[in-house]
Amino acid sequence: MATALVGIGRTSFSRRSGRTTRAMAVEACRAALADAGMAVADVDGMVCFQVGDSAHPGDVSYALGKDELAWSYSVYAGGNVVSDLIALASASIEAGLCRSVLVYRSLNGRSGHRLGSMEAPVQVPDDAQFDAPSGFLVPPQWFAMWARRHMHTYGTTSQDLGAIAVQQRTHAMANEHAIMKDPLTLDQYLQGRWINEPFRVFDCTYEIDAAVAVLVTSEAVAQSTRHKPVWLVGSGSSQSGSTWTAWDDQTAMYSRTAAPRLWNSTGLRPADMDVALMYDCFTYTVMATMEDYGFCGKGEVGDFYREGRATYGGDIVVNPHGGLLSEGYVHGLNHHYEAVLQLRGDAGVRQVPDARTALVTAGGGPYGGAVVYSADRP
Amino acid sequence: MSDFAALTPQPLPDPDTQDFWDSLGKGELGICRCQECSLWMHPPLERCRACAGAVAIESVSGAGTVVSFIVVRQPTVPGRLPPYVVATVELQEQRGLHLVAVLHAEPDAVHVGDRVQAEVVPLPGGDFRVPEFRPAP
Ligand SMILES: [Zn+2]
């Protein structure tokens, strides 16, 4: 049995929504259903991820007009689980638990709780208790720490990281929905203020208020939807309990094991991909995962970007929507929205010509995963 | 300044980690070590993750090498005034035995591979004592 993405929906992306995460999730879910030509009554499953900052499936489905769901799941987790949740929705459909699942993420990521900061005073439990004394507690520190090691090992430079930020901004300029559409030059990147060296402000994702929803269905349901289905070909994941500090090699991420798992299980290779939506909470996440997924060798990403190999006319178009860095941070679910647009051929001026396959990655550091989608039924 | 330092996040010990903090409280940097296979592990666990053997906190030299470091320039976490350096340090006792802590050094003078030495100092805002690093003498 195959499963497919048949509907996509989203709210506007803003710096201050003035709305509840439930209201935004409902809007995105309704939009995904309308996109698919389906009714609320046709949905019997719902799944989301959140870090205590969003509305649960029960609340969202009730506000949508449903009294109950046959299957639902809400996991406390970050962008590392997005691809797993798509795979889980698909597996639940294949297991007969449900037929149509809305996968959503809704967050007031800028006006509400910002993941890159923390409030005080706090008592820090669990493994992070060892990071509390040095205040080493937020992602823009963890990823910067790893990026520095990559610089040491492979001679990576700020210019290399900047090449990623600049390319993605260039892509975002052709995306009406992106929140950051002003041109960005390498000089402007280098003049950006420091956050945690070696990260400047342009190395970091742009936090926003938004919701995105995608609708996963069985093949039977997909037959009668409005657009061409986008098929799930396979997924690969690697979730480690290592701390950011205990991890043995900061120059490689979860993807060093997830990538071979994905390519082996699908029988595909990086060269088979037409578009790549690389999870980009930070520029360095793109760099390390591009290497691990096999698009280029270790330490070659800077040249890969400078030679135009990560954009139209190159090896593969990476993050044509501008990514989390420039379109905005919807915790990686907006990558799946973009993948569907591209594989339908509905991406307008930023359409990747003849796009038939897409890699969408999720997460970074010790944990993450990826899925492959295809315009053709697997 | 002192009000800001009082906002420093504090560790919340648990049964697996209490001995680690107690050791620091006595001025000793100790790391969890398996009493069967001699593996060092940090964070500490109730039993060894390699052989399930009993563990104990054993003192270490505090000598290590900088694996990587950041210079915190933006005050996203309260308690310390930027700029300051946070380093991942590999302790000399075992390959891959990492500790993250503040490194007291001029940001521009720090390099990956530098040899450093831990000292145990009071953590502002509470009663904890914690390891911090300085360049090795
Ligand atoms: Zn042992």
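First the proteins, then the strands, lettered A, B, ... as listed; each starts at 1.
- Ranked by heavy-atom pairs under 4.5 Å with chain A, the list L97(B), V72(B), D14(B), V77(B) is led by V77(B).
- Nearest heavy atoms, R80(B) versus S134(A): NE-CA, 3.9 Å.
- When the candidates V130(B), V66(B), V102(B), T17(B) are compared by the number of heavy-atom contacts under 4.5 Å with chain A, T17(B) comes out ahead.
- In this structure, Q250(A) and V67(B) have side chains that are in contact, with non-hydrogen atoms separated by less than 4.5 Å.
- Put simply, OG on S68(B) and CE on M151(A) are 9.5 Å apart, with the number rounded to the nearest 0.5 Å.
- Atoms CG and CG, on D16(B) and D127(A) in that order, are 9.5 Å from each other to the nearest 0.5 Å.
- In this pair, F130(A) and W21(B) present their aromatic rings parallel. The plane angle is below 30°, not in the 30 to 60° band.
- For the options A128(A), P125(A), A132(A), heavy-atom pairs under 4.5 Å to chain B are most numerous at A132(A).
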Apply the test side chain to side chain contact (heavy atoms under 4.5 Å, CB included) to residues V138(A) and T76(B): give CA-CA distance (whole Å), side-chain angles for both, the deciding distance (0.1 Å), then the verdict.
CA-CA 8 Å; V138(A) 292; T76(B) 43; 3.9 Å; yes
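- For W247(A), the part lying near chain B is the backbone, with the side chain staying farther off; criterion is any non-hydrogen pair under 4.5 Å.
- In this structure, the side chains of V124(A) and P11(B) stay at 4.5 Å or more apart for every pair of heavy atoms.
- Residues N196(A) and Q74(B) form no side-chain contact, since every pair of their non-hydrogen atoms from C-beta on lies 4.5 Å or further apart.
- Heavy atoms of T243(A) lying under 4.5 Å from chain B belong exclusively to its side chain.
- Looking at every heavy atom in both residues, M145(A) comes nearest to V86(B) through CE-O, 3.4 Å.
- E90(B) CD to D248(A) CG: the interatomic distance, rounded to the nearest 0.5 Å, is 10.5 Å.
- Atom CZ of residue R149(A) and atom CZ of residue F69(B) lie 11.5 Å apart, to the nearest 0.5 angstrom.
- Using a 4.5 Å heavy-atom cutoff, the side chains of E197(A) and R73(B) are in contact.
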Step by step, would you call V71(B) with R148(A) a side chain to side chain contact (heavy atoms under 4.5 Å, CB included)?
CA-CA 10 Å; V71(B) 183; R148(A) 172 90 68 184; 4.0 Å; yes
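- Within a 6.0 Å sphere centred on CD of E46(B), other residues, nucleotides and ligands contribute 12 heavy atoms or fewer.
- Under the 4.5 Å side-chain criterion, counting only non-hydrogen atoms from C-beta, Q129(A) is not in contact with L12(B).
- F20(B) touches chain A through its side chain: at least one heavy atom from C-beta onward sits under 4.5 Å away, while N, CA, C and O do not.
- Residues F136(A) and I70(B) meet the side-chain proximity criterion, which asks for heavy atoms closer than 4.5 Å.
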